[in-house]
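See below for the structure under consideration.
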There are 2 protein chains.
Amino acid sequence: MTGMSIRNPKQALYVQFAAVAKALGNPQRLELVEHLAQGPRSVDALATKLGLPIANVSQHLQAMRRAGLVTSDRDGKFINYRLADDSVLAAFAAIRVVAEHHSAEVERVVRGWFDRHDDMEPVTRDELVSRMKEGLVTVIDVRPADEFALGHLPGAINVPLSELDSLLPDLRTDREIVAYCRGPWCVMSFEAVAELRKRGFSARRLEDGLPEWRAAGMVVEPVLQGTQR
Amino acid sequence: MTGMSIRNPKQALYVQFAAVAKALGNPQRLELVEHLAQGPRSVDALATKLGLPIANVSQHLQAMRRAGLVTSDRDGKFINYRLADDSVLAAFAAIRVVAEHHSAEVERVVRGWFDRHDDMEPVTRDELVSRMKEGLVTVIDVRPADEFALGHLPGAINVPLSELDSLLPDLRTDREIVAYCRGPWCVMSFEAVAELRKRGFSARRLEDGLPEWRAAGMVVEPVLQGTQR
DNA sequence: AGCTCATTCAATAGAATTATTGAATGAAGA
DNA sequence: TCTTCATTCAATAATTCTATTGAATGAGCT
């Protein structure tokens, strides 16, 4: 901040734009974005989810606030952070697309971890909507229960990945299962589909996660009226 | 690269996505993106445009190539770099939007430099199209001649900012002037509009630059057939 | 073969980023 | 007022990023 001397407005603008990109240019902070896209969270809750020291998460969040990615407000003795804007999720999505196109590496990672690379094609949003109308699919939300509670697809049932094994007997074997989680590349849905297929189920991933579904203006349950939290 | 140990696929993906954002997280590299959005360029040409040492620009370009932002191919003794994808421009745009929303600083920069903050509202693309049909506007492209030559709006005349003063007498005073340049925040069009107004013209900026116009699928002159360069 | 010249490489120093530690802050509740 | 506890601050070391310099590469040309 002190060593930076800006000579012209053009430079000043690039510095501003670069600051936003820089704030997104860190794996931990991207993971924070993905979690905050599920709903507002306290520093403590985020640190638990990511398995990182609280002070570390606090600093990342402050860096993100400085760049305009998140805002915060106090609730009792907790401070809740949330994404500043839908534009933040859009920027994350745009960056993901660039990485996918340069996908040699991204695809290698996914395929390297989940050997079944046949028919990993995801279900599109439109496709899912029409199949839901026909009642042909079971939609499972593989996120943890607390995230499910903040909002989920209409009619979806919560099958956290950690409890997939124990809940398997409850799933119908005569219908296709569509799994989704936090976002297009959220690995939990990859793992759930791989596991389900190993057990003989017909299963696919939804191309998006809940935040994208919500951002597309689709209905989310439970429908909360009044102030959105 | 060597000190990085990745334990799980989730982490590996965030690292990939973060690498893309990191490559965009530098003012100089963003300026390179904006210039490359006008058309392919050699290292030398870019270094001249930015006023930076060639070796420095070369290193930035290599970093961008590693992140999948640009590609390069040799032409004689020059190596031409170009944007890898439309998605790169889209990502840049998305980042700009985030910065605009957090606009306290961005807007302050623009307003601080150009005191006329009344009616700096830009002309939208649709608005310009309909007014062009009616023949009500003079469209000027304030970029340097070499960029204009690679492609420009139909019917636009090239008035490089550096030559604005000397070309002023050629401009009609009875029609509104719409100026555009490299992108939505390219400062040359701001400066051109400010100067034109000072001289009594009725002038506004186009909301976008040429790359956005092209990306929207609009006609660009000259229309080149065959291999796009 | 030898020369030219655009680009890349290699080495360096200075600056910024990151994770870690422990202490400080400050709001809530007793 | 005192205690609790979520969060922030401050200081540090390790790593990474950045700009700069001069040498090396390697394709085109004579």
Side-chain angles (χ1 to χ4, degrees), chain A residues 1-7 11 14-16 18-32 35-36 40-67 69-82, chain B residues 1-7 11 14-16 18-32 35-36 40-67 69-82:
Chain A
M1 206 51 91
T2 51
M4 174 78 67
S5 77
I6 295 165
R7 284 163 295 284
Q11 204 65 14
Y14 286 128
V15 168
Q16 289 301 313
V20 171
K22 202 176 287 187
L24 290 170
N26 174 282
Q28 266 78 356
R29 286 197 292 270
L30 285 185
E31 193 169 0
L32 285 170
H35 278 278
L36 288 172
R41 292 275 176 219
S42 68
V43 181
D44 189 69
L46 289 167
T48 304
K49 292 250 179 208
L50 302 214
L52 292 177
I54 293 177
N56 191 359
V57 171
S58 173
Q59 291 188 170
H60 278 307
L61 289 169
Q62 287 174 67
M64 292 164 79
R65 185 168 46 196
R66 259 177 270 131
L69 267 45
V70 301
T71 61
S72 64
D73 44 52
R74 181 173 283 274
D75 174 27
K77 54 170 52 179
F78 292 85
I79 292 185
N80 285 326
Y81 280 84
R82 68 189 67 212
Chain B
M1 204 53 88
T2 51
M4 173 78 67
S5 77
I6 294 165
R7 284 160 296 282
Q11 203 65 14
Y14 286 128
V15 168
Q16 289 301 312
V20 172
K22 201 174 287 186
L24 289 170
N26 174 282
Q28 265 78 356
R29 286 196 292 269
L30 285 185
E31 193 169 359
L32 286 171
H35 278 277
L36 289 171
R41 291 276 176 216
S42 68
V43 181
D44 189 69
L46 289 167
T48 304
K49 292 249 180 210
L50 301 216
L52 291 177
I54 293 177
N56 191 359
V57 171
S58 174
Q59 289 188 173
H60 278 307
L61 288 169
Q62 288 173 67
M64 291 164 78
R65 185 168 46 197
R66 258 177 269 132
L69 266 46
V70 301
T71 61
S72 63
D73 45 52
R74 181 174 282 274
D75 173 27
K77 54 170 49 178
F78 292 85
I79 292 184
N80 285 325
Y81 281 84
R82 67 189 66 214

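Atom set for the values below is all heavy atoms of this structure, side chains included, hydrogens, waters and symmetry mates excluded. Throughout, a chain's letter reflects where its sequence line sits, starting with A, and its residues are numbered from 1.
- The side chain of B:Lys77 sits closest to C:dC5 out of C:dT20, D:dT7, C:dC5.
- Between B:Asp73 and B:Arg82 there is a side-chain heavy-atom pair separated by less than 4.5 Å.
- Computed from coordinates, the A:Arg74 CZ to D:dC5 C1' distance equals 11 Å when rounded to whole Å.
- Side-chain nitrogen and oxygen atoms of B:Ser58 include at least one within less than 4.0 Å of the OP1 or OP2 phosphate oxygen of C:dT8.
- Distance check, rounded to the nearest 0.5 Å: NZ of B:Lys77 to OG of B:Ser42 gives 12.5 Å.
- In this structure, A:Tyr81 does not reach the D:dA6 phosphate: none of its side-chain N or O atoms is under 4.0 Å from OP1 or OP2.
- In this structure, the CG atom of A:Asn56 is 15 Å from the P atom of D:dC9, given to the nearest Å.
- The distance from atom CG of A:Leu46 to atom CG of A:Leu36, rounded to the nearest 0.5 Å, is 5.0 Å.
- For the pair A:Asp44 CG and D:dT7 P, the computed distance is 5 Å after rounding to whole Å.
- For the pair B:Leu32 CG and D:dA19 P, the interatomic distance rounds to 10 Å; values are reported in whole Å.
- Using a 4.0 Å cutoff on non-hydrogen atoms, no part of residues 21-31 of chain A comes near DNA chain D.
- We find the CG-CZ distance between B:Leu69 and B:Arg29 to be 9.0 Å, quoted to the nearest 0.5 Å.
- The phosphate of C:dT17 has neither OP1 nor OP2 within less than 4.0 Å of any side-chain N or O from A:His60.
- Counting non-hydrogen atoms under 4.0 angstrom, B:Ala55 reaches a base of the nucleic acid.
- Of the residues near DNA chain C, B:Val43 and B:Gln59, the one whose nearest nucleotide (by heavy atom distance) lies more toward the 5' end is B:Val43.
- Nucleotide C:dA16 holds its C1' atom 12 Å from the CZ atom of A:Arg66, rounded to whole Å.
- Listed nucleotides: D:dA6, D:dA19, C:dA6. Nearest to the side chain of B:Phe78: C:dA6.
- Contacts of B:Gln62 with the nucleic acid, taken as non-hydrogen atoms under 4.0 Å apart, involve only primed sugar atoms and P, OP1 or OP2.
- The interatomic distance linking B:Asp75 (CG) with D:dG26 (P) rounds to 19 Å, in whole Å.
- Once rounded to the nearest 0.5 Å, the distance linking CG of B:Leu24 with NZ of A:Lys22 reads 12.0 Å.
- The distance between atom CG of A:Asp73 and atom P of D:dT8, rounded to the nearest whole Å, is 12 Å.
- We find that CG of A:Leu61 is positioned 16 Å from C1' of C:dT17, with the value rounded to whole Å.
- A:Leu30 CG to A:Met64 CE: the interatomic distance, rounded to the nearest 0.5 Å, is 8.0 Å.
- B:Leu52 CG to B:Gln59 CD: the interatomic distance, rounded to the nearest 0.5 Å, is 12.0 Å.
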